[in-house]
Amino acid sequence: MTAETIHATLTETRTIHPAWVRVCHWINALAVLVMIGSGWQGYNASPLFGFTFPRAITFGEWLGGALLWHFAAMWGLVINGLVYVTLGIATGRFRRKLLPVTPGAVFADVKAALTFKLGHDDLSHYNAVQKVLYLGIILTGVLIVVSGLSIWKPVQFQVLTAFFGGYDAARYVHFAAMSAIVTFLVVHVSLALIVPKSLRAMITGK
Ligand code: HEM
C-alpha cells in the first residue's frame with residue numbers, strides 16, 4: 001500500500017463529525033427553519049420596518065398558528081442547543097476545532113478564498129473563516145434566544161429586557177440576529193453544496 005492509498009483510506013473511514021454533532025446539527029437546522037418561517041409570519045402582523053415577508057415564504061398560516069410553531073420549535077432549539085454547547089465544551093471539540101482563531105489567520109484565509117486558493121482536502125480541520133463563522137453563529141444563537149425570551153416574557157425576564165434597553169429595542173436586536181442567521185445560512189448552505197463531500201460528512205460522519 002502506498003502512502004497515498006493509506007492516507008485516502010484513513011480519510012474515508014475516519015469519523016469527522018461524531019453522531020452527537022450530526023444529530024444536534026440537523027435538529028438545529030430544522031428548528032431554525034421553522035423558527036425563521038414562523039417568525040416572519042409573526043413579524044408581518046406588526047412590522048418593524050416598511051416591508052413584510054411574502055406569505056409564500058412564511059410558516060404557520062396566521063399569527064396564532066405561527067406563534068404556536070415558533071414556541072414549539074423554541075424548545076427544540078434551546079434544549080438541543082444546550083446539549084450541543086455542553087458536549088462541545090465537555091468533549092473539548094470546541095477547543096480543538098474552533099480555537100484558536102486569530103485576525104491574521106482569518107485575513108490570510110479570506111485572501112486565499114478570494115483567490116480560489118483555500119483548500120478543502122482535510123474536512124477534519126476547519127480553516128480560520130469557518131472557525132469565525134461557526135463561533136459567530138453559536139454566539140448569535142445565544143443572542144437570538146436571550147432577546148427572544150425578553151420579548152416573550154418581558155415581565156418575568158424584565159432584567160434581560162432592561163439589558164437590551166426595553167421591549168422595543170429587544171425586538172430590533174432579535175430581528176438583527178435573525179438577519180445574521182439568514183445571511184449565514186445562505187453562505188453556509190451554498191458552501192455545503194459547492195463542497196458536497198462536506199455535506200456527506202455531516203450526514204454519514206465520515
Ligand atoms: C439547513 C441547511 C444546512 C446545511 C445543508 C448545513 C450543512 C453543514 C455542513 C455540510 C457542515 C460541515 C461543513 C464543514 O465541514 O465546514 C455544517 C457544519 C455546521 N453547521 Fe450547518 N448546515 C445547515 C444549517 C445550519 C444552521 C441553521 C446552523 C446554525 C444556525 C448551522 C451551523 C453549523 C455549525 C455551527 C457547524 C459546525 C459544527 C461542528 O463542527 O461542531 N448549520 N453544516
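Values reported hereafter were calculated over all heavy atoms of this structure, with side chains retained and with hydrogens, waters and symmetry mates removed. Being a predicted model, the structure only gives us computed values, none of them experimental. Counting starts at 1 for both ligands and their atoms, in listed order.
A distance of 11.0 Å separates CD of Glu61 from CH2 of Trp69, quoted to the nearest 0.5 Å.
Each of Tyr134, Trp26, Phe94 was checked for a ring-ring contact (aromatic ring centres under 6.0 Å, His included) with Tyr84, and the lone residue meeting it is Phe94. Paired with His174 under the rule side chain to side chain donor-acceptor pair (under 3.5 Å), one option of Ser147, Ser179, Ser150 passes, and it is Ser147.
Listed by chain and number, His25 NE2, His188 NE2 are the protein N/O/S atoms closer than 2.8 Å to atom 21 (Fe) of ligand 1, with waters left out.
Protein heavy atom at the shortest distance from atom 38 (C) of ligand 1 is Tyr84 OH, 3.4 Å. Distance from atom 15 (O) of ligand 1 to its nearest protein heavy atom, with residue and atom name: Tyr126 CE2, 3.6 Å. For atom 34 (C) of ligand 1, the closest non-hydrogen atom on the protein side is Tyr134 CD2, 3.7 Å.
Residues Phe164 and Val146 have side chains in contact (heavy-atom distance under 4.5 Å, counting atoms from C-beta outward). Contact annotation: the side chain of Leu67 never approaches that of Ser38 to less than 4.5 Å [non-hydrogen atoms, C-beta and beyond]. No side-chain heavy atom of Met74 sits less than 4.5 Å from a side-chain heavy atom of Leu77.
Summarising the geometry of Asn127 relative to Val129, their closest heavy-atom pair is OD1-N, 3.0 Å, with the distance given to 0.1 Å. Taking each heavy atom of Leu123 and Lys97 in turn, the nearest pair found is O-NZ, 4.4 Å.
Ligand 1 places these atoms under 4.0 Å from at least one heavy atom of Gln130: 14 (C), 16 (O).
At a 4.0 Å cut-off, at least one heavy atom of Trp26 sits close enough to ligand 1 to count as contact.
Side chains of Arg93 and His17: a donor on one and an acceptor on the other come within 3.5 Å.
The proximity of Leu185 to ligand 1, defined as any non-hydrogen pair under 4.0 Å, is limited to the side chain. Using a 4.0 Å cut-off between heavy atoms, Arg93 contacts ligand 1 through its side chain alone, with no backbone atom that close.
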